[in-house]
Trainee: 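This is the structure, below, for whatever I ask next.
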Amino acid sequence: MERKDVQENYKWKISDVFESDEKWEEAFAALEGRIDFDKYRGTLNTVDGLLAYFKAEEALTVDTLRVYLYAFMKHDEDVRETKYNAYIARVMSFFTRLEEATAFSTPELTALPDETLDGFISDPRLHDYDYMLSRIKAQKTHILSEKEERILAQTGEPMSCAGDVFEMLDNAELDLPEIEHQGEKVKLSHGLYSVLINGADREKRKEAYELYYSAYRKIINTLATTYFGNVKKDMFYCKVRGYDSCLSMALFEEDVDRCVYDNLVKVVGEHTPAMHRYIALRKKLMGLDEMYMYDLYPSLVEDADLKLTYEEAYELVLKGLAPLGEEYNALLRRGRDERWIDVCETTGKRSGAYSIGIYGNHPFVLLNYQKTTHDVFTIAHEMGHSIHSHFSNKNQPFVKSDYKIFVAEVASTVNEVLLLKYLLHTTEDKKLRKYLLNYFLDMVRTTLFRQTQFAEFEEKAHAMAEGGEPLNKDNLSALYKQLNEKYYGPAVVHDDNISIEWARIPHFYRSFYVYKYATGITAAICIADRILAEGETAVKDYFKFLSGGCSTDPVSLLKLAGADLTKEETFLSAMREFEDALEEFEKA
Ligand SMILES: [Zn+2]
């Protein structure tokens with residue numbers, strides 16, 4: 001379908017941002033004269049000076065984000081159109097200049113004495129900035145002298161070299177072999193690998209798996225060196241900034257208590273027998289004598305598609321999310337009726353789905369809706385992000401509005417869990433029930449168990465290096481194999497290929513990032529349960545979280561909704577949900 005043939009009510013209303021490219025050009029041109037921040041240098045030591053600076057910076061950022069939003073969305077309507085690529089590039093270069101022009105502020109603030117900062121934090125005129133200022137104050141213990149900071153500021157680029165080399169290898173120079181696909185010999189790619197490994201053809205899965213890993217094996221020493229380089233980078237900053245470990249440094253930056261990480265790894269680790277049971281059941285259902293890691297991906301239940309039109313799907317989402325109350329439901333309808341959503345797949349449109357919520361604008365959602373059951377969940381998921389953005393943008397000042405990665409997948413997953421439970425309660429269709437249970441089990445397997453396995457790998461690899469042990473292909477592969485055995489159990493063959501899976505995970509170059517997926521889904525399961533069990537009071541508490549943006553640390557925000565990640569019990573309840581679904585699936 002071509003975009004021009006799509007009915008208006010299925011297209012997002014981009015004119016809510018700018019009416020035309022001409023209006024955009026005008027707005028962009030008007031930013032230019034406002035980038036002068038030099039006059040604020042040296043004035044951040046009084047409440048009035050600081051407030052004036054914050055307001056000016058904020059107003060310019062909000063307006064820049066608005067031109068960014070339009071360029072970004074226009075680009076995604078048809079990625080072949082180069083005009084909007086240029087728009088994005090212009091905005092990005094303006095952002096870089098804005099960053100440079102305001103770079104003086106953080107060092108100027110960290111140089112202030114504690115008493116001055118304390119005075120700022122408790123001053124009602126600076127209330128909007130209290131959390132941000134308290135983080136700046138906390139950072140002070142890890143800030144070095146001005147001269148040392150100037151040197152450190154120049155280490156960013158050379159220090160990212162390990163990650164850059166990995167990216168270059170993984171995206172360009174990795175020698176992936178050819179494979180026969182749809183009657184043609186084609187070069188294997190990450191995208192094609194993902195298609196084949198999820199496919200029903202077992203021989204193809206095996207072939208793709210073996211060819212894929214053979215490419216990484218050829219450069220495995222190089223990959224061990226790049227990964228070690230990345231760990232050494234973490235160790236360098238950890239040491240010079242005076243943290244007791246790389247993990248502590250990462251948690252400090254997120255303002256997350258160590259016990260959250262430890263609870264995750266401990267409780268999930270103790271419940272790996274449930275995962276072993278699921279894997280053994282998978283083996284039985286697939287009728288395999290020997291199961292390999294490439295047998296873990298295809299869905300166990302085929303084609304349980306609801307085949308709903310978009311209107312029907314949306315009505316179903318409204319019903320499934322009814323436990324969130326009338327206000328939430330009204331927002332869902334508003335998003336649909338006021339055209340926050342771009343529904344149809346059209347030529348040139350960006351694939352996949354996302355929600356974008358920029359302060360000062362209503363949220364927007366990009367879909368490529370197909371009549372699959374999965375896509376009904378996608379509507380619930382993306383609208384979860386959108387309504388989180390809506391509440392946070394409405395209830396917080398700009399500086400506290402943008403929710404952080406740690407909590408970013410919570411609202412979307414709460415919606416998925418609620419919809420799933422609604423469907424499980426209302427459908428008699430045996431095949432659909434099985435599909436839904438399998439959907440949930442695989443969601444927990446990939447988002448909770450797998451990401452915890454990754455988290456444990458990162459923690460142990462860093463600890464080895466911090467203890468003086470150089471990392472190489474042998475000790476990294478031995479560690480990975482041991483963890484793979486721990487998480488998946490004896491029903492699957494842990495071959496030499498899976499032992500080097502660590503070598504191909506791009507997220508490992510953003511250390512201690514993936515655990516946030518695992519804590520996010522844990523909190524979401526806990527919140528959805530509470531909403532179903534307690535109704536209105538739980539919904540009220542959940543709205544406090546949705547309205548919280550980034551007004552305080554993420555763990556406290558989740559506590560508002562009743563998900564306390566500092567308690568093992570929260571992780572235990574997510575594990576129980578998995579076990580219950582597994583039991584039902586075993587019987588189904
Ligand atoms: Zn999401």
Side-chain angles (χ1 to χ4, degrees), residues 162-230 279 282-283 285-300 302 351-352 442 445-446 449-451 453-454 457 461 471-485 487-509 514:
D164 295 343
V165 172
F166 173 79
E167 213 181 298
M168 189 53 78
L169 283 170
D170 198 40
N171 292 319
E173 292 191 327
L174 182 71
D175 192 15
L176 286 163
E178 288 192 331
I179 190 166
E180 207 177 293
H181 178 57
Q182 294 172 339
E184 266 178 74
K185 275 248 171 210
V186 290
K187 197 169 153 66
L188 195 59
S189 64
H190 298 307
L192 180 57
Y193 177 71
S194 152
V195 169
L196 297 175
I197 205 76
N198 283 291
D201 182 345
R202 186 168 195 233
E203 276 310 305
K204 248 318 140 206
R205 289 204 303 271
K206 178 178 194 283
E207 194 189 352
Y209 174 80
E210 284 170 356
L211 288 175
Y212 196 56
Y213 279 103
S214 74
Y216 287 97
R217 188 176 306 286
K218 272 189 205 157
I219 53 167
I220 193 69
N221 285 302
T222 305
L223 292 169
T225 308
T226 57
Y227 184 64
F228 191 24
N230 184 63
I279 300 295
R282 188 171 250 282
K283 183 175 173 184
L285 291 172
M286 291 174 85
L288 301 171
D289 292 329
E290 240 182 5
M291 185 164 70
Y292 284 83
M293 290 303 285
Y294 54 76
D295 295 318
L296 256 50
Y297 295 93
S299 170
L300 290 170
E302 274 172 62
S351 61
D442 277 339
R445 172 172 69 82
T446 52
F449 281 96
R450 182 170 166 82
Q451 305 309 324
Q453 177 191 0
F454 284 177
F457 173 79
L471 302 179
N472 56 49
K473 73 170 195 311
D474 297 322
N475 55 16
L476 288 170
S477 303
L479 169 62
Y480 200 86
K481 186 174 187 177
Q482 181 209 330
L483 289 172
N484 212 67
E485 285 167 353
Y487 279 78
Y488 295 100
V492 67
V493 179
H494 304 274
D495 60 15
D496 287 346
N497 286 322
I498 204 62
S499 303
I500 61 165
E501 190 178 36
W502 59 267
R504 69 169 186 87
I505 307 293
H507 265 141
F508 285 163
Y509 290 83
V514 293

Trainee: What orientation do Y480 and F457 show, parallel under 30°, tilted 30 to 60°, or perpendicular over 60°?
Mentor: perpendicular

Trainee: Just to verify, which of N497, D495, D295 counts as forming a side chain to side chain donor-acceptor pair (under 3.5 Å) with Y209?
Mentor: D495

Trainee: Kindly give the heavy-atom pair with the smallest separation between I279 and R445, and that separation in Å.
Mentor: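 Reported closest heavy-atom pair: CD1-CD, 4.4 Å.
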
Trainee: Report the distance from atom CG of D164 to atom CG of L169, rounding to the nearest 0.5 Å.
Mentor: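 The CG atom of L169 is 11.0 Å from CG of D164, to the nearest 0.5 Å.
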
Trainee: So do the side chains of R282 and L288 get within less than 4.5 Å of each other, counting heavy atoms only?
Mentor: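 Counting from C-beta outward, R282 and L288 never come under 4.5 Å.
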
Trainee: Step by step, work out the side chain to side chain contact (heavy atoms under 4.5 Å, CB included) result for D201 and K206.
Mentor: CA-CA 9 Å; D201 182 345; K206 178 178 194 283; over 6 Å; no

Trainee: For the pair E167 and Y509, evaluate side chain to side chain contact (heavy atoms under 4.5 Å, CB included) and give the outcome as yes or no after the intermediate values.
Mentor: CA-CA 9 Å; E167 213 181 298; Y509 290 83; over 6 Å; no

Trainee: Is it the case that over 12 heavy atoms from other parts of the model lie below 6.0 angstrom from the NZ atom of K283?
Mentor: yes

Trainee: State the CZ-CD distance between R450 and E501, to the nearest 0.5 angstrom.
Mentor: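 These two atoms lie 4.0 Å from each other.
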
Trainee: Identify the heavy atoms of N472 and A224 that sit nearest to each other, and give their distance.
Mentor: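 Shortest heavy-atom contact: C-CB, 3.8 Å.
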
Trainee: Using side-chain heavy atoms (C-beta onward) and a distance below 4.5 Å, is R205 in contact with Y292?
Mentor: no

Trainee: Would you say the side-chain atoms of H190 pair up with the backbone N or O of D170, donor to acceptor, closer than 3.5 Å?
Mentor: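 A pair under 3.5 Å: yes.
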
Trainee: Let me confirm one number: the CG-CG distance from L223 to L174, rounded to the nearest 0.5 Å.
Mentor: 7.5 Å

Trainee: Answer yes or no: is there a side-chain heavy-atom contact under 4.5 Å between K204 and E180?
Mentor: yes

Trainee: Which class fits the ring pair F454 and F508: parallel under 30°, tilted 30 to 60°, perpendicular over 60°?
Mentor: perpendicular

Trainee: Contact between R504 and Y212 at the side-chain level, heavy atoms closer than 4.5 Å - yes or no?
Mentor: yes

Trainee: What are the two closest heavy atoms between P298 and I197, and how far apart are they?
Mentor: CD-O, 3.8 Å

Trainee: How long is the gap from OH on Y216 to CG on L176, to the nearest 0.5 Å?
Mentor: 6.5 Å

Trainee: Could you report the tightest heavy-atom contact between L196 and L188, atom names first, then the distance?
Mentor: CD1-CD1, 4.1 Å

Trainee: Does atom CE (M168) have a neighbourhood of more than 12 heavy atoms from anything else shown, all under 6.0 Å?
Mentor: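 No, the 6.0 Å shell around CE holds no more than 12 heavy atoms from other groups.
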
Trainee: L192 and S189: which non-hydrogen atoms are nearest, and at how many Å?
Mentor: N-OG, 3.0 Å

Trainee: Using a 4.5 Å cut-off on heavy atoms from C-beta on, say whether the side chain of E173 contacts that of I219.
Mentor: no

Trainee: So, do I498 and Y213 sit near enough that their side-chain heavy atoms are less than 4.5 Å apart?
Mentor: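 A side-chain contact exists here, since the closest heavy-atom pair is under 4.5 Å.
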
Trainee: For the pair H494 (side chain) and G489 (backbone), establish whether a donor and an acceptor sit closer than 3.5 Å, ignoring hydrogens and angles.
Mentor: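 Yes, because the side chain of H494 sits within donor-acceptor range (under 3.5 Å) of the backbone of G489.
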
Trainee: Heavy atoms, side chains only, cut-off 4.5 Å: are K473 and S499 in contact?
Mentor: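 Side chain of K473 against side chain of S499, heavy atoms only: no contact under 4.5 Å found.
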
Trainee: Do D496 and I500 have side chains that approach each other closer than 4.5 Å (heavy atoms only, starting at C-beta)?
Mentor: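 When only atoms from C-beta onward are counted, I500 and D496 do not touch, as no gap falls below 4.5 Å.
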
Trainee: Looking at every non-hydrogen atom in both residues, tell me the closest pair between E207 and I179 and how far apart they are.
Mentor: OE2-CG1, 3.7 Å

Trainee: Measuring from Y227:OH to F166:CZ, what's the distance to the nearest 0.5 Å?
Mentor: 11.0 Å

Trainee: May I have the step-by-step check of side-chain hydrogen bond (donor to acceptor under 3.5 Å, both in side chains) for Y297 and D442, ending in yes or no?
Mentor: CA-CA 9 Å; Y297 295 93; D442 277 339; over 6 Å; no

Trainee: Roughly how far apart are I220 CD1 and D474 CG, rounded to 0.5 Å?
Mentor: 9.5 Å

